[in-house]
Amino acid sequence: MNTLESIKPKAQHSVFDLAEEAGFDVSDWIASSNDTRGHKANPKYCYEWSFIEPGRLIILNLWHAAMREEDGRITTTGNFRKDADYYRTVVRKAQWAERAQKLDEALQVALKDNLPVRVIMLDGKQRDKNDPDRKPSKVAKRELDSEPWTITAYDWETGQCELARGVFTQQCVDQFDLDQVDKASPKRTEATSQPFVRDPAVRRNVLRRSKGHCELCGQRGFLMVNGALYLETHHVIPLSEGGPDTEHNVVALCADDHRRAHYASDRDGIAANLKSVVNERL
Ligand SMILES: [Zn+2]
């Protein structure tokens with residue numbers, strides 16, 4: 001595992017080279033260039049703080065100095081929407097405001113479309129946000145972080161966000177993830193009577209299909225302290241009764257509905273409902 005210190009950028013590469021390295025489609029960067037210094041200096045791109053390639057990835061320029069390391073987890077928090085407002089109203093730099101605004105929008109696109117987040121690490125002299133001075137930041141070192149990042153928290157109301165280094169596909173987690181996370185908890189009694197192997201890929205795909213909402217009542221799973229949404233995966237026809245471990249037989253339910261699906265007097269009706277929900281979704 002890399003430490004924060006070890007990922008500090010050591011070289012000064014061009015944004016163009018780093019965007020290309022991240023897999024960004026740079027063809028328009030070249031095609032729309034009319035800068036005498038060549039396409040790498042194309043002002044349409046090279047001063048931007050973020051890049052969005054719809055359906056594929058986003059790239060963010062982030063300051064290494066603003067990152068934190070705690071328990072081996074490297075994170076950065078910020079509020080680019082608030083920054084944009086500050087640049088617009090206090091610093092009166094429309095261009096900075098626009099770039100900060102775009103960065104906030106890039107986060108939203110990545111969240112909505114579940115896109116990979118790549119980070120260009122910056123080191124140098126960062127402008128002091130609290131000083132309404134017009135001096136721009138000076139980037140001395142710039143490198144693409146080899147690891148993708150994850151938006152671990154985003155407040156759609158305010159724009160406050162947290163990003164963490166690494167890929168966390170578990171933006172939606174179920175009860176089996178909890179068992180792995182919470183190793184200190186006493187062994188559940190059912191654990192010994194669970195001879196059935198569940199395919200993690202099936203659970204993962206079902207959680208993704210649910211988009212974080214219970215597939216019975218439609219309510220969003222509850223938000224966990226780490227920013228993930230909690231739902232439980234459930235086999236409509238139990239494995240013990242020969243139900244297949246496939247996406248056609250697995251649903252994501254809120255904790256309440258999961259218990260209901262097992263124990264409620266109308267559980268047969270619930271099972272029938274769930275079957276039709278799955279059929280509609282697949
Ligand atoms: Zn529910």
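Keep in mind that the numbers below use all heavy atoms, side chains included, and drop hydrogens, waters and symmetry copies. Numbering of ligands and ligand atoms starts at 1, following listing order.
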Subject >> Short N-O contact, R260 and D256, less than 4.0 angstrom >> reply: yes
Original post:
Of the backbone and side-chain N, O or S atoms of E215, does one lie nearer to the Zn ion (ligand 1) than 2.8 Å?
Top reply: no
Subject >> Heavy-atom check, side chain of D123 versus side chain of R142, under 4.5 Å >> reply: no
Original post:
Can a cation-pi geometry be assigned to R88 and W96, taking NZ or CZ under 6.0 Å from the six-membered ring centre and within 45° of the ring axis?
Top reply: no
Original post:
Hey, are the side chains of F16 and V26 touching, using non-hydrogen atoms and a 4.5 Å cut-off?
Top reply: yes
Subject >> Angle at the Zn ion (ligand 1) (to 10°), with one arm to SG of C254 and the other to SG of C214 >> reply: 120°
Original post:
Which atom, counting only N, O or S, brings D257 closest to the Zn ion (ligand 1)?
Top reply: OD2
